[in-house]
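Structure record follows, encoded as structure tokens.
Just so we're clear, the structure is a prediction, and the values are computed from it rather than from any experiment. Heavy atoms only: backbone and side chains are in, while hydrogens, waters and symmetry mates are out. Letters A, B, ... mirror the listed sequences (proteins, then strands); counts begin at 1.
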There are 2 protein chains.
Amino acid sequence: MTHETKPSERRRNKTRQDILDAAHAMIVERGVEGLSLRAVSDQLDYSPAALYRHFGSKDELVDAIRAQCFERLNTAIFQRVASANGAVEQLLAGGLAYIDFARQYPIDFHLMFHFAPSASTQAENRQTAMRALLFLVRGGIESGVFVTTETYNEDAITLHCWATVHGIAILQTTVARDEPGATVTTIETILRKVIAGFTAAS
Amino acid sequence: MTHETKPSERRRNKTRQDILDAAHAMIVERGVEGLSLRAVSDQLDYSPAALYRHFGSKDELVDAIRAQCFERLNTAIFQRVASANGAVEQLLAGGLAYIDFARQYPIDFHLMFHFAPSASTQAENRQTAMRALLFLVRGGIESGVFVTTETYNEDAITLHCWATVHGIAILQTTVARDEPGATVTTIETILRKVIAGFTAAS
DNA sequence: ATTCAAATGTGAGCAGTGTACACTTTTTGA
DNA sequence: TCAAAAAGTGTACACTGCTCACATTTGAAT
């Protein structure tokens with residue numbers, strides 16, 4: 001079931017991934033600004049020009065790394081959501097997974113929301129995450145667990161959830177990680193509070 | 001009351017501000033990455049090396065621009081808060097001012113949370129905003145308008161407010177400005193909902 | 001008014017960057 | 001086996017941030 005790829009194609013993908021890995025490691029180590037194509041090519045025993053057989057430009061390379069980070073985030077969220085039961089717990093699990101990712105890979109997280117002029121793949125990836133969240137919210141509404149009003153409707157709830165989670169995540173990466181009250185229990189309290197704001201009384 | 005400055009000092013400050021303005025305009029126009037010291041010096045009829053009499057490095061220049069953006073944000077918030085009455089309305093006004101700023105100056109806002117390795121002034125400025133927010137929250141608590149619990153205490157509320165507002169603001173700058181449900185009324189609804197979560201029943 | 005030092009601005013140049021292009025080498029498929 | 005396609009190289013260009021010895025201007029004390 002390995003999707004029948006020709007060996008040449010697999011080799012190509014491998015070197016492509018090697019480049020991505022080396023560049024990613026360099027970003028994690030020295031920041032986005034510290035990424036140098038020459039350093040990457042040196043480390044891989046390539047000539048600088050060789051990288052341009054795989055990526056049209058530096059921005060394209062970084063975009064590809066960004067895309068892989070988004071994939072990792074999305075699967076991390078998906079796994080945590082899948083192992084939770086009920087709309088409330090699933091939404092909470094998704095939010096915590098998001099925040100944990102930011103905490104665990106702050107540089108990656110920062111990179112992901114570091115939009116370049118040519119922000120194409122980025123928008124797509126974010127839409128994926130957005131749709132997943134919207135799916136959770138919609139499910140909760142349809143099952144009657146979440147309630148809406150005219151002004152606080154489905155879109156508003158989705159925005160609210162995303163903003164809260166993203167805000168906490170960003171603050172964890174930029175501000176000192178141990179800001180007063182940024183403990184895991186505090187974060188869970190906040191998220192539960194938000195969710196409770198649109199959960200039907202039992 | 002003009003703080004008695006020598007003319008030489010004023011001239012120095014003026015050229016310094018000229019450099020800051022030119023660089024800032026260039027960032028707004030072409031993004032942070034598009035900022036070139038040579039282009040700035042060209043525009044001001046200076047030699048490239050001249051800028052180094054005013055700023056030790058490019059990072060220092062950008063940091064100074066960042067600091068001025070923070071100042072603008074802080075005063076914008078302060079004004080709006082000052083023209084509101086009561087803890088609830090003041091907190092709401094501050095949040096809306098924050099979000100409006102991000103909406104109005106997305107590139108500036110993005111720049112402000114674009115931390116470089118040497119993030120010194122940044123931390124200070126953010127602490128200022130944080131303290132202002134904390135001040136509002138604390139005032140509301142002491143006047144009995146806001147209520148706390150053991151887990152949802154002062155720090156938690158502060159974090160919650162900041163994260164929500166910052167999250168909405170960031171999403172407004174990165175994602176398309178007209179995301180479904182990101183209207184002004186929706187945003188106000190969300191903020192009121194959050195504030196209601198720690199407001200004493202009347 | 002003279003003088004001397006500090007401040008300000010300059011020109012040349014270094015090391016490093018992303019990138020283009022003609023070139024060679026390797027791999028592939030008929 | 002052989003030509004075409006793919007992969008990799010070396011050189012070079014324009015650009016970057018930045019340094020430093022030097023020229024110019026300014027400020028103030030003599």
Separation of atom CG in B:Leu44 from atom P in C:dT10, rounded to whole Å: 11 Å

Please check if the side chain of B:Lys58 supplies one atom and the backbone of B:Leu37 the other of a donor-acceptor pair under 3.5 Å. no

Walk me through whether B:Phe198 and B:His160 qualify under ring-ring contact (aromatic ring centres under 6.0 Å, His included). CA-CA 11 Å; B:Phe198 51 82; B:His160 190 177; 7.2 Å; no

With B:Phe55 via ring-ring contact (aromatic ring centres under 6.0 Å, His included) - residues at least two apart: none

Just jot down the side-chain hydrogen bond (donor to acceptor under 3.5 Å, both in side chains) partners of A:Asp42, sequence neighbours excluded, or say none. none

Any A:His54 side-chain nitrogen or oxygen under 4.0 Å from OP1 or OP2 of D:dG8: yes

Whole-Å distance between D:dA7 C1' and A:Glu9 CD? 15 Å

Holding to side-chain hydrogen bond (donor to acceptor under 3.5 Å, both in side chains), I want the full list of residues that pass it with A:Gln17, two or more places apart in sequence or in another chain. A:Asp21, A:Gln68

Can you give one letter per nucleotide of nucleotides 16-24 of chain C, going 5' to 3': B for a protein heavy atom under 4.0 Å from the base, S for sugar-phosphate only, - for none? -BBBBBB--

Sort and list the pairs that fulfil side-chain hydrogen bond (donor to acceptor under 3.5 Å, both in side chains) and have at least one residue in residues 77-90 of chain B, not counting sequence neighbours. B:Arg80-B:Asp100, B:Glu89-B:Arg192

Is a side-chain donor-acceptor pair under 3.5 Å present for A:Thr183 with A:Thr186? yes

Protein-nucleic acid N or O pairs under 3.5 Å, nucleotides 4-7 of chain C:
none

Taking the inter-plane angle between the rings of B:Trp162 and B:His166 on a 0 to 90° scale, is it parallel (under 30°), tilted (30 to 60°) or perpendicular (over 60°)? perpendicular

